[in-house]
Amino acid sequence: MMEIDPTRVPRHVAVIMDGNGRWAEQRGLPRLQGHRIGKESVRAVVETSRRLGIRYLSLYAFSTENWQRPPREVDGLMALLRRYLATELGKMMKHQIRLLAVGSLRRLPPAVRGALRATIAATRRNTGMTVVLAVSYGGREEIARAARALARRVGRGELDPERITAGTLAKHLGTHGIPDPDLLIRTSGEMRLSNFFLWQLAYTEMYVTDTLWPDFRERDYLQALAFFQQRQRRFGRTSAQVERLRAAN
Ligand code: FPP
C-alpha cells in the first residue's frame, strides 16, 4: 500500500472522470456500460476520501458540452445520476457527507433536478466531508454568470466597478465558500482542462494518469495522493522563500 501522510492530505481534490466510453468500446460494450462501472469508481474515491479526512471532493460528472452527445447516452447518464443519488443517500447520511452541486441545473430533466435538490437539502447539515458534483457545468459559463451578477449590482449602484477584485468575482461563482482545489486528477491520459473549474484551478497541482475512469480505484487514488505529497507548492514564490516560510511555521 502507498504511504500517505494523514497530516498532509489535500483539503480539496477535484477529479475529471474521463475514459468511460473508451473503456466500454475496448470491450465491445455499449458506452453506458462504461458509465455504470465508472459509478463504482466514484464510490471508491468518495469512500477513500472520507476515510483519509479529505474535506472537499469535486467530481466533474457532466459538462455543458456533454449535452451534445447522442440523446440515448445523455438520458442514460441522467438516469444513472438519479439512481446514484437515491441509492447513496443512506451512506451519505451515515458517513456525514454533504452534497453540493455546481452548474446550470436548470437544464437538467426535472426528475434529476428534483433528486439533486432533495439530496442537497437532506445532507446540508452533514459535516464529515463535502462532495461537489459538477453537472451541466462549464467553467466559462460559470465566470460569465458571475460577470452578469456583478454587472447587475453595478447597474443598481450597489457596487463600485473600481472595487471589483478577484475575491469579489469568486464570491459569485458556484463554488463560493469552498477552498480552491489543491489537487486535480484527470484519468485517461488527456492533458486538458475541458472547461472544468477554470477560475478555481489557478494554483492546483495536476495529476494525469492513463488509467481509464472505470479502472481507477483506491490504489490509483492513493498513488495520486502520494504524488501530491511529493510536490512542493510555491504559489509563485521561490523555493528559498517557501523553505523559510515552512521553517517559521
Ligand atoms: C467521461 O467519460 C465521463 C462522463 C462524461 C460521465 C461521468 C459519469 C460517471 C462516472 C457515472 C455517474 C456519476 C456519478 C457522480 C454517479 P467519457 O464518456 O467522456 O469517456 P471517453 O472520453 O472515453 O469517451
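Just follow the structure's listing: the first ligand is 1, and inside any ligand the first atom is 1. Positions are given from 1, in the same order as the sequence printed here.
When hydrogens are left out, the protein atom nearest atom 11 (C) of ligand 1 is His35 O, 3.6 Å; that is the closest non-hydrogen contact. In terms of protein heavy-atom proximity, atom 13 (C) of ligand 1 is closest to Val42 CG2, 4.3 Å. Of all protein heavy atoms, the one closest to atom 9 (C) of ligand 1 is Asn20 ND2, 3.8 Å. At the shortest separation from atom 16 (C) of ligand 1 among protein heavy atoms lies Tyr84 CG, 3.2 Å. For atom 20 (O) of ligand 1, the nearest protein heavy atom (residue, atom name, distance) is Gly21 N, 3.0 Å. Atom 12 (C) of ligand 1 has its closest protein heavy atom at Leu80 CD2, 4.3 Å. Among protein heavy atoms, atom 6 (C) of ligand 1 sits closest to Ala61 O, 3.2 Å.
Summarising the geometry, atom CZ belonging to Arg27 is positioned 9.0 Å from atom CD1 belonging to Ile37; distances are rounded to the nearest 0.5 Å.
Checking each of His35, Arg36, Arg31 against Gln33 for a side-chain hydrogen bond (donor to acceptor under 3.5 Å, both in side chains) leaves exactly one that passes, namely Arg36. Screening Asp182, Thr204, Asp180, Leu57 for a side chain to side chain contact (heavy atoms under 4.5 Å, CB included) involving His12 leaves a single residue, Asp182.
Heavy atoms of Glu25 found under 4.0 angstrom from ligand 1: none, in either backbone or side chain. At a heavy-atom distance under 4.0 Å, no atom of Leu212 approaches ligand 1.
In terms of polar-atom proximity, Leu81 is not counted as a contact of ligand 1, lacking any N or O under 3.5 Å from an N or O of the ligand. Residue Gly19 has at least one nitrogen or oxygen atom sitting less than 3.5 Å from a nitrogen or oxygen atom of ligand 1, judged on distance alone. Taking only nitrogen or oxygen atoms, main chain and side chain alike, Asp18 reaches within less than 3.5 Å of ligand 1.
Residues Asp5 and Arg8 are paired through a salt bridge, judged by an N-O separation under 4.0 Å between the basic side chain and the carboxylate. Between Glu141 and Arg107 no salt bridge is recorded (no basic side-chain N to carboxylate O distance below 4.0 Å).
Taking a cut-off of under 4.0 Å to the non-hydrogen atoms of Asn66, the atoms of ligand 1 that pass are 5 (C). Proximity to Trp213 (heavy-atom distance under 4.0 Å) selects the following atoms of ligand 1: 10 (C). Taking a cut-off of under 4.0 Å to the non-hydrogen atoms of Arg31, the atoms of ligand 1 that pass are 17 (P), 18 (O), 24 (O).
Trp213 contributes a side-chain N or O that, together with a main-chain N or O of Gly38, makes up a donor-acceptor pair within less than 3.5 Å.
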Please report the C-alpha distance between Thr123 and Ile97 in whole Å, then the side-chain angles of each, then the deciding distance to 0.1 Å, and finally whether the side chain to side chain contact (heavy atoms under 4.5 Å, CB included) criterion is met. CA-CA 7 Å; Thr123 62; Ile97 293 170; over 6 Å; no

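Of the candidates Leu59, Leu133, Val46, Thr187, Leu133 brings a heavy atom nearest to atom 15 (C) of ligand 1. With Met17, Arg69, Arg22 as candidates, the residue nearest to atom 17 (P) of ligand 1 on a non-hydrogen basis is Arg69.
Cluster membership for Met206 and Phe216, using ILVMFWY side-chain heavy atoms within less than 4.5 angstrom, is not shared.
Contacts classified as ring pair (Phe, Tyr, Trp, His ring centres under 6.0 Å) and involving residues 64-86 (residues at least two apart or in different chains) are given here: Phe62-Trp67.
Between the side chains of Arg145 and Ser104, a donor-acceptor pair is found at a separation under 3.5 Å.
Nearest heavy atom pair, residue Leu225 against residue Pro10, reads CD2-CG, 3.6 Å.
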